[in-house]
There are 2 protein chains.
Amino acid sequence: MRLADLSKRSGVSTATIKYYLREGLLPPGRQVNATTAEYDEGHLRRLRLVRALIQVGKVPVATAREVLGHVDDESLGRTIRLGAALWALPQDAEPDEADPAVAAARTEVGRLLELLGWETAREMAPLSPVHRSLVVAVAALRRLDYPWDAELMAPYGALMMEVARRELDFMETHASDAEQVEMAVASAVLFQPVLRALHRLAQEEESARRYGIE
Amino acid sequence: MRLADLSKRSGVSTATIKYYLREGLLPPGRQVNATTAEYDEGHLRRLRLVRALIQVGKVPVATAREVLGHVDDESLGRTIRLGAALWALPQDAEPDEADPAVAAARTEVGRLLELLGWETAREMAPLSPVHRSLVVAVAALRRLDYPWDAELMAPYGALMMEVARRELDFMETHASDAEQVEMAVASAVLFQPVLRALHRLAQEEESARRYGIE
DNA sequence: CTCCTTGGAGAGTGCCGCTCACCAACACGG
DNA sequence: CCGTGTTGGTGAGCGGCACTCTCCAAGGAG
């Protein structure tokens with residue numbers, strides 16, 4: 001398969017594919033000679049993943065490169081690889097440590113993890129970027145005077161744990177570590193729009209049920 | 001309160017506040033004379049909401065303006081107002097109707113709503129932008145060969161309904177329609193990062209529990 | 001009276017995800 | 001073996017967006 005074929009089968013323009021190659025999102029093809037390179041099904045698969053991350057998941061190109069780098073790092077075990085890939089994903093702003101809402105949010109998130117019994121998450125908390133973006137989001141809610149507290153949030157955490165369990169069950173039906181990590185990244189990113197849409201549909205549905213369509 | 005005070009109390013630069021005023025995200029202050037305008041607590045509250053939408057929720061400025069327009073539209077009843085605001089929120093790309101994955105996704109989403117018994121959502125389906133972005137996201141998952149089907153997704157839908165019920169219960173503790181709609185919008189947008197973070201933390205936690213830290 | 005601040009508005013900035021234009025080296029059909 | 005078209009590679013350009021800068025004349029504060 002050459003570049004033009006890759007483009008046809010993926011629906012991505014050759015210019016964009018070249019850009020992804022340049023940015024290191026897509027590994028180079030097998031160079032046949034100075035003007036020809038061969039791509040295989042693996043490239044097509046990776047290209048579709050890249051597109052999904054960027055277009056549906058809105059992941060910045062630089063972040064996608066980093067995440068995919070971890071996915072491909074065969075020197076790591078599965079858990080570390082998964083962790084590294086997930087850690088590379090968030091691109092939220094740094095919390096403003098001077099803001100009292102941030103400090104309060106941090107405390108409350110700590111209590112939440114305790115309530116949920118998420119020991120690994122608690123140990124990793126000071127370093128984890130995921131933890132950090134949780135703090136930022138909670139701080140934003142608090143600034144809007146939403147009485148957010150750990151007890152209120154614990155059920156959501158439990159629900160997300162339920163979601164994660166289903167995903168890992170499903171991942172286990174797949175063969176290689178790389179495939180599993182790839183799948184975990186795809187779920188982390190692509191289930192987001194799905195959950196968001198279901199969430200909003202549920203809001204509308206429940207609102208219509210409670211109050212009718214006035 | 002003048003512009004500079006509004007800036008100090010919100011932590012948003014005067015230049016940015018002026019920009020929001022120009023873009024219609026913030027209603028103008030009470031004009032005292034040609035060079036002075038007075039802002040009140042309502043402006044501060046709105047400004048915080050705008051910031052949360054844009055910075056944490058990553059909602060584009062143009063979209064935020066539209067959403068807030070619906071929140072403020074007192075000619076509408078609560079359900080319609082909520083629906084209008086939520087409909088204005090998504091900013092996903094249009095589905096490519098020529099793509100067979102999109103057609104398959106549409107069918108599958110229809111079956112999902114049937115399984116969940118979400119009648120209002122089914123009636124609104126052809127028009128709803130939220131429904132549309134669900135189709136886009138599901139199509140992306142299908143293209144990656146994830147065997148997504150309605151039965152697999154139904155539990156997620158049920159979980160999101162549970163989340164929505166909690167939110168509406170909480171909303172009911174608040175007074176005016178406008179406040180309730182504002183709160184619904186804030187949840188729709190700000191719970192997203194919270195859920196995302198909890199989801200990823202749960203993934204890491206469960207992975208560590210199952211496989212240890214190799 | 002003097003200096004500072006105000007609201008308003010246009011133009012500029014920086015980033016980002018492409019997209020275009022151009023290149024010499026080659027592939028391939030006839 | 002020739003002519004046309006395609007290849008990988010690269011620099012520059014584009015359009016959108018969220019600000020941010022700069023300037024202005026009109027007031028306000030001490």
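So you know, we letter chains A, B, ... as the sequences are listed, proteins then strands, and number each from 1.
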Student: Answer yes if the side chains of E204(B) and W87(A) hold a donor-acceptor pair under 3.5 Å, and no otherwise.
Tutor: yes

Student: Between the protein and nucleotides 12-14 of chain C, which nitrogen or oxygen pairs are less than 3.5 angstrom apart?
Tutor:
none

Student: Ignoring hydrogens, what is the shortest heavy-atom contact between E38(B) and M1(B)? Give both atom names and the distance.
Tutor: OE1-N, 2.7 Å

Student: With the threshold set at under 4.0 Å for non-hydrogen atoms, list the residues of residues 11-23 of chain B touching DNA chain D in residue-number order.
Tutor: A15(B), T16(B), Y19(B), Y20(B), R22(B)

Student: Restricting to nitrogen or oxygen on both sides, can you table the protein-nucleotides 26-30 of chain D pairs closer than 3.5 Å?
Tutor:
| from | atom 1 | to | atom 2 | distance (Å) |
| --- | --- | --- | --- | --- |
| dG27(D) | O4' | T35(B) | OG1 | 3.2 |
| dG27(D) | O3' | N33(B) | ND2 | 3.4 |
| dG28(D) | OP1 | N33(B) | ND2 | 2.0 |

Student: Nearest whole angstrom, please: distance from the C1' of dG8(C) to the CD of Q31(B).
Tutor: 10 Å

Student: Atom CE of M1(A) and atom P of dT6(D): how far apart are they, to the nearest Å?
Tutor: 18 Å

Student: So, are R166(A) and E162(A) salt-bridged, with charged N and O less than 4.0 Å apart?
Tutor: yes

Student: Going by side chain to side chain donor-acceptor pair (under 3.5 Å), name the residues that satisfy it together with H70(B), two or more places apart in sequence or in a different chain.
Tutor: none

Student: Can you name the side chain to side chain donor-acceptor pair (under 3.5 Å) partners of R48(A), sequence neighbours left out?
Tutor: none

Student: Step through the shown structure and confirm whether more than 12 heavy atoms of other residues, nucleotides or ligands are within 6.0 Å of CD on E172(B).
Tutor: yes

Student: Parallel, tilted or perpendicular: which describes the rings of F191(B) and Y156(A), with under 30° parallel and over 60° perpendicular?
Tutor: perpendicular

Student: Assuming nearest nucleotide by heavy-atom distance, tell me which of A62(B) and D5(A) is located more 5' along DNA chain D.
Tutor: D5(A)

Student: What parts of residues 45-61 of chain B reach DNA chain D, counting only heavy atoms under 4.0 Å away?
Tutor: R51(B), I54(B), P60(B), V61(B)

Student: Minimum heavy-atom separation for D99(B) to A101(B), with atom names?
Tutor: OD1-N, 2.8 Å

Student: Looking at E97(A), I'd like to know if its CD atom is crowded, meaning that more than 12 non-hydrogen atoms belonging to other residues, nucleotides or ligands lie closer than 6.0 Å.
Tutor: yes

Student: Let me know which of V67(B), L49(B), V59(B) forms a side-chain contact (heavy atoms from CB on, under 4.5 Å) with V185(B).
Tutor: V67(B)

Student: Could you grab the distance from atom CG of L82(B) to atom CD of E206(A), nearest 0.5 Å is fine?
Tutor: 11.5 Å

Student: State which residue, out of T16(B), L21(B), L26(B), L25(B), fulfils the side-chain contact (heavy atoms from CB on, under 4.5 Å) condition with L47(B).
Tutor: L26(B)

Student: Search all heavy atoms of S10(A) against all heavy atoms of L44(A) and return the closest pair with its distance.
Tutor: CB-CD1, 3.9 Å

Student: Roughly, in whole Å, what's the span from CG in L26(B) to C1' in dG7(C)?
Tutor: 13 Å

